[in-house]
Amino acid sequence: MEPVRYIEKTREYYARKGKTEAYRYAHFEDGPFQPLLKPLAGSRLILISSAGFVLVPPGAPEPVPFRGINIGEKDKVEVFSIPSDTPPAHIRYLTGAHNRRDSPMSDPEAYFPLTRLHELQAAGRIGSLAPNFLRIRPCYSQRKTRELDAPEVLRRCREQGVDVALFAPI
């Protein structure tokens, strides 16, 4: 299988839409990443996803899928807490801003791997899981992500004593 050339495909997509300026991806010379300060087996982990899903309790009607690109609101923090013990059967993917032919999104473990993380914790590979995982509403604004959503994610990670964040982007 060949890798998907996402940046090229995105630039071609916007060019076909008539955009004269190429899409500019965020680029930083240095990143906020750092080595683990303690072994993963002794660390608290949080899962963070940008997948457009909702929680559906048992017996509740199925939500209506969103059709189109979910770009979020310009000046509103859009970080949602998801209890880490949520059964995967309660998760429904709603947005259509991805390739549904190759990724139908019918399996929530593909974008929010709750079961596997609980298995890794039970096996002692992860020390503990944060009480709440996070979902970030997709947004194409680097400014909004940097100035609003990222500080809120950091605040919630610190509040839960998180040592490691696992990002599951979509």
Side-chain angles (χ1 to χ4, degrees), residues 1-4 6 26 28 31-67 69-73 76-140 144-146 148-170:
M1 175 190 278
E2 290 292 315
V4 175
Y6 181 77
F28 303 96
F33 305 104
Q34 56 183 303
L36 290 177
L37 300 177
K38 56 186 173 181
L40 188 57
S43 298
R44 174 169 276 188
L45 182 138
I46 190 167
L47 173 63
I48 303 169
S49 179
S50 61
F53 66 86
V54 295
L55 299 182
V56 180
E62 287 294 315
V64 176
F66 177 81
R67 301 288 179 216
I69 295 177
N70 180 0
I71 59 170
E73 294 186 32
K76 177 181 171 189
V77 171
E78 295 178 290
V79 179
F80 308 95
S81 292
I82 309 295
S84 60
D85 61 354
T86 298
H90 294 190
I91 296 174
R92 298 292 186 284
Y93 189 79
L94 292 182
T95 64
H98 76 278
N99 176 349
R100 287 184 176 262
R101 187 195 72 193
D102 295 327
S103 303
M105 304 306 278
S106 56
D107 178 7
E109 299 286 344
Y111 52 86
F112 210 67
L114 293 165
T115 302
R116 186 66 177 137
L117 290 175
H118 284 281
E119 290 170 354
L120 290 168
Q121 180 190 12
R125 302 288 304 272
I126 298 171
S128 66
L129 298 174
N132 291 295
F133 292 158
L134 301 176
R135 175 188 169 255
I136 305 166
R137 188 168 180 202
C139 180
Y140 297 107
K144 179 183 178 295
T145 299
R146 186 178 53 252
L148 296 175
D149 295 337
E152 179 63 14
V153 166
L154 180 60
R155 184 190 71 75
R156 293 187 194 194
C157 287
R158 287 180 172 158
E159 181 177 273
Q160 297 185 81
V162 168
D163 301 301
V164 177
L166 173 62
F167 289 88
I170 196 66

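By convention here, the first residue in the shown sequence is residue 1. As the structure is a prediction and not an experimental result, all values here were calculated from the model.
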Return the minimal non-hydrogen interatomic distance between [X] and [Y], and the atom names on each side.
X	Y	result
Lys38	Gly42	CE-O, 3.4 Å
Phe133	Leu45	CE2-O, 3.9 Å
Gly124	Ala41	O-CB, 3.2 Å
Leu114	Thr86	CD1-O, 3.1 Å
Arg135	Ile82	CB-CG1, 4.3 Å
Ser43	Ile126	O-CG2, 4.0 Å

Once rounded to the nearest 0.5 Å, what's the spacing between atom [atom1] of [X] and atom [atom2] of [Y]?
X	Y	atom1	atom2	value
Ser50	Leu134	OG	CG	12.0 Å
Phe80	Asn132	CZ	CG	14.0 Å
Asp149	Glu78	CG	CD	6.5 Å
Leu154	Arg158	CG	CZ	4.0 Å
Arg155	Gln160	CZ	CD	9.5 Å
Leu120	Thr115	CG	OG1	11.0 Å

- Message: If we check side chain to side chain contact (heavy atoms under 4.5 Å, CB included) with Val153, which of these qualifies: Ile46, Val162, Thr145, Ile48?
- Response: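 With Val153 as partner, side chain to side chain contact (heavy atoms under 4.5 Å, CB included) holds for just one option, Ile48.
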- Query: Is the closest basic N to carboxylate O distance between Glu159 and Arg156 below 4.0 Å?
  - Reply: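 The answer is no: the pair does not qualify as a salt bridge.
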- Give a yes or no on this: more than 12 heavy atoms of other residues, nucleotides or ligands lie within 6.0 Å of atom CZ of Arg125.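 For Arg125, atom CZ is not crowded (no more than 12 foreign heavy atoms under 6.0 Å).
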- Short question: side chain of Ser84, backbone of Pro131 - any donor-acceptor pair under 3.5 Å?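 The answer is yes, because a donor-acceptor pair under 3.5 Å joins these two groups.
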